[in-house]
Amino acid sequence: MTLTAASSTLRELHQALTTAHFEGVALYDAEGGAMWSDGAPLAVEAAAWILDEAVEPEESVVHQGRQYLVQTLEAYGERIGRLIWQPTGPVSDAELNKTRLIRQLVQRIGTLDYELDNLSSELAETYESIHLLCDVAQASTRTTSAQQLCQVLLEDLVRQVKSRGGAILMAESHQNLTDSWKIAATVGELPDWRAGGRVSPVGILQQIFESGQGVLVDSVAQTNADQDPLLDQATHSVLAAPLLAGDQVHGVLVLVDRLDEESQAFDSRDRQIVDATATQGAAMILGMRLAEYSKEMEIGRKIQQSLLPSEIPQPVRTQVAGLCAMARVVGGDFYDVGLTEDGVFQAVIADVSGHDLGSALLMSSARAQFHSELRHKCSLGEAASRLNAQLYKDLSGAGLFLTYFLIQWDPTSETLQYASGGHNPALLIQKNGTEVHSLEATGMPAGVVPVAKIGQEHRGLEAGDLCLLYTDGLTEAARPDGEMFGEERLARVLQDNHSLSATEILSRIEAEIRHFTGEQVLQDDGTAVLVKVLAPTVDQTE
């Protein structure tokens, strides 16, 4: 107890400094427990009354005709006890100074006791935290995935804190942390909580996401439990801490209800343990997730590269070149080209929304559908409408959509036919670079509605004309200040270099974008197909 050593010291001090003007002195701790008394015993009723009174650090009070001198003992602004003196008559200044000296010495000893008690408590809590963090570190060595690590970490924490259960939730998207959150691990029988389930970041989750701070709810009954996915009527208290990467919240660790407390409420010790675990665990979980994400990106990148044409057919009187400037993340871009038996050149460029493995896989499926559809002898509009119907289920089920641009170039009739589902306008450069035209979309992206009618347009091309199909990774390439390369700069590069070969023009576009963005890493793949019409040779004119 905080004043144990002080009571022994007080006994010695009082024997040396006592005077005839005091019947005795009594020492009480902060809870009103009697620690020691000397001289005339203080009446129990009088002591209870005095201890209940809000008195100054040093004050003389009267109870039932008896005078008492009350001195408060403090440590770090917190009351740790009281001395109650019983004078027999008027107290001189000299005698009062003696009591103050005793009070100061007793308070000093009490403060040391107080510090020792707190230090012992902190050491115990620190030991528990270190022990748990060691378990977390060991858990990372015996798990092979971030989800397994979440489960092991949560089980250890629930056991350490002795809670009814808990969960770890992780933001599903690396790009948009406000999307739905996935339950990565659960422990205990908690209604509506299951591993792999998803919740919206509202209520406690929203509060943690916006503040970056943990939350301790002592009484769920005082909150809107019906509107919070982490709460239910059986829950009494909640303790949650964010999983941070820098100042961004990527996940939340949640515990509910202590089992060894009547109120089932968590205390400051629990909060320290949970905060420490969240800090240590976040680095391990997010590091493992990043490794998994990087592996996914590498798989997606290989998928993209494998689907690009190894060779590009060259129709008569035409040069065709393709470009895919890879960013550091996986995109859903692709292009494909082909040449029919009667010499008609076909090309498609497309972009699946999103930048993850799912986008890359859907891009692979879409490419196969385009490849198959363009073999049929039908108009581009009909082909595009059928493609929309075939791709709708997969795209909408994944919450994605796909934009595309289809062309057919017939060198014999010098006619370019095209159909586009919500894609960037193709750029048409004519009359030796003096005219720039945009070929706008003729319908909506695939994956938006199950049935869509896609129109078809055509343009005549002459020798020297250029037609560029591209994805927004080129025009949205940005400087560090956020300024984008844009369609006007892209068109200017085509105009300034229209006399070069198709391959050289694409190389010049890529170089201009790299120069514009400087050291800034591209955030999206930039893909392009360029068609350049050549003048007929002597043999062809004859």
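Worth knowing before you read on, the calculation uses all heavy atoms, side chains too, and leaves out hydrogens, waters and symmetry mates. Just so you know, residue 1 is the first one in the sequence shown, and it goes up from there.
- Residue E488 places its CD atom among 12 or fewer non-hydrogen atoms of other residues, nucleotides or ligands, all under 6.0 Å distant.
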Requested in this report: Starting from the C-alpha separation in whole Å, work towards a yes-or-no answer on side-chain hydrogen bond (donor to acceptor under 3.5 Å, both in side chains) for N432 and T434.
Outcome: CA-CA 6 Å; N432 294 320; T434 60; over 6 Å; no
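- Taking the side chain as every heavy atom from C-beta outward, L216 and V238 never approach each other to under 4.5 Å.
- Taking the side chain as every heavy atom from C-beta outward, L461 and Q430 approach each other to under 4.5 Å.
- Rounding to the nearest 0.5 angstrom, the gap separating the CD1 atom in I429 from the CD atom in E435 is 10.0 Å.
- For the residue pair S379/Q417, the side-chain donor-acceptor check at 3.5 Å is not satisfied.
- Under the 3.5 Å distance criterion, the side-chain polar atoms of R489 are matched with a main-chain donor or acceptor of M484.
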Requested in this report: Start with the C-alpha distance between V529 and L506, add both sets of side-chain angles, then the distance that settles side-chain contact (heavy atoms from CB on, under 4.5 Å), and finish with yes or no.
Outcome: CA-CA 9 Å; V529 175; L506 287 188; over 6 Å; no
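- Remark: side-chain polar atoms of K532 are paired, donor with acceptor, to backbone N or O of H498 under 3.5 angstrom.
- Using a 4.5 Å heavy-atom cutoff, the side chains of P309 and Y335 are in contact.
- Side-chain polar atoms of Q147 and Q151 form no donor-acceptor pair below 3.5 angstrom.
- The CH2 atom of W409 lies 7.0 Å from the CG atom of L416; values are rounded to the nearest 0.5 Å.
- Contact annotation: the side chain of C467 approaches that of L469 to within less than 4.5 Å [non-hydrogen atoms, C-beta and beyond].
- Remark: side-chain polar atoms of T318 are not paired, donor with acceptor, to backbone N or O of Q314 under 3.5 angstrom.
- Take Y470 and apply the ring pair (Phe, Tyr, Trp, His ring centres under 6.0 Å) test, not counting sequence neighbours, and it matches no residue.
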Report task. List the steps, then state whether side-chain contact (heavy atoms from CB on, under 4.5 Å) holds for S438 with L428. Result -> CA-CA 6 Å; S438 294; L428 188 60; over 6 Å; no
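- By the 4.5 Å heavy-atom criterion applied to side chains, L239 and V217 are not counted as neighbours.
- You'll find the side chain of V449 stays beyond 4.5 Å of the side chain of V451, heavy atoms only.
- Between atom CG of residue L244 and atom CG of residue D247 there is a gap of 8.0 Å, rounded to the nearest 0.5 Å.
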Query raised in the report: What's the verdict on side-chain contact (heavy atoms from CB on, under 4.5 Å) for R508 and V493, showing C-alpha distance, side-chain angles and the deciding distance?
Result: CA-CA 8 Å; R508 189 63 58 85; V493 177; 4.2 Å; yes
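- If you take CD on E382 and CD1 on I454, they are separated by 12.5 Å, rounding to the nearest 0.5 Å.
- Qualifying ring pair (Phe, Tyr, Trp, His ring centres under 6.0 Å) partners for F485, counting only residues two or more places apart in sequence or in other chains: F516.
- A donor and an acceptor atom, one from each side chain of E504 and S501, are located under 3.5 Å apart.
- Distance alone, capped at 3.5 Å, places no donor-acceptor pair between the T403 side chain and the G422 backbone.
- Using modelled atom types, no side-chain atom of K431 and backbone atom of V436 make a donor-acceptor pair closer than 3.5 Å.
- Side chains of D410 and T415: a donor-acceptor N/O pair is absent below 3.5 angstrom, by distance only.
- The closest donor-acceptor contact from the side chain of R271 to the backbone of G214 lies under 3.5 Å.
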**Report entry** Audit row: V337, Q346, side-chain contact (heavy atoms from CB on, under 4.5 Å) steps and yes/no
**Finding:** CA-CA 6 Å; V337 293; Q346 297 177 327; over 6 Å; no
Contacts under 3.5 angstrom, residues 440-448 side chains, donor-acceptor by atom type, not counting sequence neighbours:
{"unit_1": "T442", "atom_1": "OG1", "unit_2": "S420", "atom_2": "N", "d": "2.9"}
{"unit_1": "T442", "atom_1": "OG1", "unit_2": "S420", "atom_2": "O", "d": "3.3"}
{"unit_1": "T442", "atom_1": "OG1", "unit_2": "G455", "atom_2": "O", "d": "2.9"}

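- Using a 4.0 Å cut-off between charged side-chain N and carboxylate O, R317 and E462 make no salt bridge.
- Annotation: side chain of V531 is not in contact with side chain of L466 (no heavy-atom distance under 4.5 Å).
- Looking only at distances, a side-chain donor or acceptor of Q319 sits under 3.5 Å from a matching main-chain atom of A502.
- The minimum heavy-atom distance between G433 and Q495, with the atom names listed, is O-NE2, 2.8 Å.
- A 4.5 Å side-chain heavy-atom check between I168 and V254 finds every atom pair outside the cut-off.
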